[in-house]
Amino acid sequence: MSEHHSSEPEAEGDGAAQAPVFTPRKNGQSQGVSEELAAWMRTGWADTEIRDPEPIEQAAYTAKRRAALSASFPGERLVVPAGNLTTRSNDTEYPFRPSCDYVYLSGDLSDDGCVVLEPRPGGGHDATVYLRPRSNRENGEFWLDGHGELWSGRRHSLAESAQRLGADTDDVGRLPDALRDAPAVPVRILRGHDASLDDVVAGVRADTAEDGAAAAERDEELAVALHDQRLVKDEWEVAQLQRAVDATVRGFGDVAAALPGARATSERYIEGTFFLRARVEGNDVGYGTIAASGPNATTLHWMRNDGPVREGELLLLDAGVETTTLYTADVTRTLPVSGRFDRVQRRVYELVYAAQEAAIAAVAPGRSFTGYHEVAQRVLAEGLVEWGLLDGPADRVVELGLQRRYTLHGTGHMLGLDVHDCARSRTEVHLYGELRPGTVLTVEPGLYFQPDDLTVPEELRGIGVRIEDDVLVTAEGNRVLSAALPRAADDVEAWLAERLPRG
């Protein structure tokens with residue numbers, strides 16, 4: 001990686017030339033800038049302003065979302081930051097991903113941004129998206145700063161962003177003073193994403209002697225309200241999730257065709273194969289891929305992905321493509337590496353499949369979020385009793401939760417911008433609430449027989465099976481967004497036969 005420096009950028013549009021202020025890397029090769037070079041770098045650049053850029057496709061939807069949030073907090077200032085770059089090691093950063101609530105309200109994906117809803121005296125709010133402007137060409141920031149445009153790429157100007165996002169924009173460098181100088185009204189901030197803005201708001205509150213405990217409670221209410229609002233997806237969000245799922249289905253096909261390479265190397269070959277699809281068709285994977293072969297499949301969140309992929313074993317692949325708009329799929333299939341289930345594997349697989357079928361049938365508007373989990377657990381418990389692994393009757397097993405030794409996790413979660421979406425929403429509208437049209441969730445029962453579990457026959461030890469699909473609640477019932485990927489054992493074998501190399 002090339003060396004880079006840091007400097008203090010000027011505000012966009014400020015034409016006053018200033019000597020660049022930068023700190024060279026201690027052991028970097030370029031330790032200074034001559035006046036002649038600085039002057040030359042200020043000249044000879046074409047005008048690259050984009051006139052009349054197309055609005056982002058979700059701009060009309062983000063405006064509606066901001067209006068809905070505005071109605072929930074009349075007369076209050078709302079501050080929703082994107083977050084900042086996070087250092088990975090020394091002077092390298094992790095790839096940036098903005099806070100989901102910021103994306104939901106703005107559609108913008110850049111670091112350091114912030115959505116501010118400023119209350120109007122007559123009611124409602126004025127929305128402003130605060131952003132970093134174009135790099136300054138006069139003070140040298142564009143080529144001397146480590147995050148200048150010649151290092152990190154061109155940013156949209158504030159005028160371009162206003163047209164693209166369908167909202168007023170301003171320089172985020174002016175935001176701290178804007179918050180300090182604004183009229184005294186109640187303020188709420190989405191905490192934990194931008195420490196500097198958290199501090200600014202805390203200072204504003206200190207000036208007004210606002211109680212700290214009450215302020216923390218108010219901020220939590222903002223976070224909860226945003227997650228409550230995000231539970232039901234609009235039509236644009238549903239389309240994004242379907243796009244994510246479709247790309248994920250293609251990624252699973254890539255993995256099936258690549259199984260011979262995985263057998264020659266390790267689970268990382270599978271992880272890398274799926275990642276290629278995620279990067280080509282989306283932004284990234286939506287979460288760390290679980291590529292668990294053989295007994296590794298009994299570890300629920302196996303993400304080392306460094307184990308062998310052996311003929312005759314099962315591969316549990318839990319993976320999802322995240323779209324360029326940051327909506328993610330979350331799909332799991334358990335595949336026989338050889339292309340066909342053996343007798344014991346098929347028996348376990350078909351019990352999990354039966355539980356999933358029953359659970360999907362229980363997903364409908366007006367039903368509870370916990371209902372489909374209870375249905376799946378009942379089917380699994382009945383099967384485990386029938387196999388003699390648990391003492392019945394099944395009612396007793398479910399009441400005591402004894403099946404959980406082998407099932408371990410819940411049967412699903414909400415899905416959207418987060419893989420475990422809307423986790424801060426109120427339990428009365430989420431965990432104990434009714435499913436509504438527009439809700440998207442996963443349905444993912446599983447059975448896991450640990451390699452060292454002496455309560456099960458030896459032939460079952462080391463087998464882990466999970467089947468997971470993404471399901472949209474509709475007015476009529478539900479739609480399985482991932483239906484294009486086969487689930488039934490015979491269909492999985494036929495699908496693999498079409499993709500595994502012959503010979």
Side-chain angles (χ1 to χ4, degrees), residues 58 60-73 78 80 97-107 115 117 188 190-193 219-245 286-287 320 322-323 325-331 359-360 362-374 409-444 468-482:
Q58 67 267 45
Y61 294 95
T62 55
K64 291 178 182 177
R65 298 168 196 165
R66 293 191 297 269
L69 186 64
S70 168
S72 297
F73 298 99
L78 308 178
V80 182
R97 189 186 188 282
S99 71
C100 293
D101 296 302
Y102 173 82
V103 174
Y104 177 76
L105 294 174
S106 70
V115 173
L117 298 186
R188 299 178 191 257
L190 190 68
R191 293 193 188 192
H193 295 288
D219 292 343
E220 178 63 16
E221 288 170 354
L222 172 61
V224 169
L226 278 162
H227 280 217
D228 281 358
Q229 186 174 322
R230 283 171 45 199
L231 274 170
V232 175
K233 274 56 182 174
D234 57 42
E235 60 184 354
W236 183 85
E237 292 181 289
V238 171
Q240 293 304 299
L241 286 165
Q242 185 66 70
R243 182 183 299 177
V245 168
Y287 53 95
E322 177 186 76
T323 65
T325 57
L326 307 190
Y327 287 80
T328 186
D330 182 6
V331 176
I360 291 174
V363 173
R367 303 280 185 87
S368 72
F369 175 69
T370 58
Y372 74 98
H373 165 69
E374 293 161 358
H409 58 78
T411 307
H413 51 79
M414 299 298 181
L415 187 67
L417 283 164
D418 282 312
V419 67
H420 294 156
D421 208 34
C422 305
R424 296 174 76 173
S425 56
R426 290 172 296 153
T427 56
E428 58 264 36
V429 298
H430 186 156
L431 181 62
Y432 303 116
E434 292 184 350
L435 298 176
R436 291 173 283 171
T439 301
V440 180
L441 44 82
T442 67
V443 181
E444 50 175 312
E468 177 181 21
D469 284 273
D470 302 339
V471 181
L472 168 69
V473 180
T474 66
E476 297 76 25
N478 69 65
R479 184 171 89 236
V480 179
L481 301 180
S482 46

Quick check against the 3.5 Å criterion: does [X] have a side-chain atom that pairs as donor or acceptor with the backbone of [Y]?
X: D101; Y: A223; value: no
X: D470; Y: D330; value: yes
X: T427; Y: L431; value: no
X: T442; Y: H413; value: yes
X: N478; Y: V363; value: yes

| request: Decide side-chain contact (heavy atoms from CB on, under 4.5 Å) for W236 and T325; before the verdict, give the C-alpha distance in whole Å, the side-chain angles of both, and the deciding distance to 0.1 Å. | output: CA-CA 11 Å; W236 183 85; T325 57; 3.8 Å; yes
| Has E235 got more than 12 heavy atoms of other residues, nucleotides or ligands less than 6.0 Å from its CD? | no
Mind listing the closest non-hydrogen atom pair of [X] and [Y] along with its distance?
X: G477; Y: P365; result: O-CD, 3.5 Å
X: Y372; Y: V443; result: CE1-CG2, 3.8 Å
X: R424; Y: H227; result: N-ND1, 3.1 Å
X: L415; Y: L241; result: O-CD1, 4.2 Å
X: F369; Y: H430; result: CB-O, 3.2 Å
X: V471; Y: V480; result: CG2-CG2, 4.3 Å

Look up atom [atom1] in [X] and atom [atom2] in [Y], then write down how far apart they are to the nearest 0.5 Å.
X: K64; Y: Q58; atom1: NZ; atom2: CD; answer: 13.0 Å
X: R367; Y: T439; atom1: CZ; atom2: OG1; answer: 14.0 Å
X: S425; Y: Q229; atom1: OG; atom2: CD; answer: 12.0 Å
X: H420; Y: M414; atom1: NE2; atom2: CE; answer: 12.5 Å

| query | Is there side-chain contact between H193 and V80, with at least one heavy-atom pair below 4.5 Å? | reply | no
| Full working for side-chain contact (heavy atoms from CB on, under 4.5 Å) between L231 and R436 | CA-CA 9 Å; L231 274 170; R436 291 173 283 171; 4.0 Å; yes
| query | Only one of L105, L226, V115, L69 clears side chain to side chain contact (heavy atoms under 4.5 Å, CB included) with L78; which? | reply | L69
| Y104 six-ring face occupied by R65 cation (under 6.0 Å, within 45°) | yes
| query | Going by atom types alone, do D469 and S482 pair a side-chain donor with an acceptor below 3.5 Å? | reply | yes
| query | Where do V331 and E468 land on the side-chain contact (heavy atoms from CB on, under 4.5 Å) test, with the steps shown first? | reply | CA-CA 5 Å; V331 176; E468 177 181 21; 5.7 Å; no
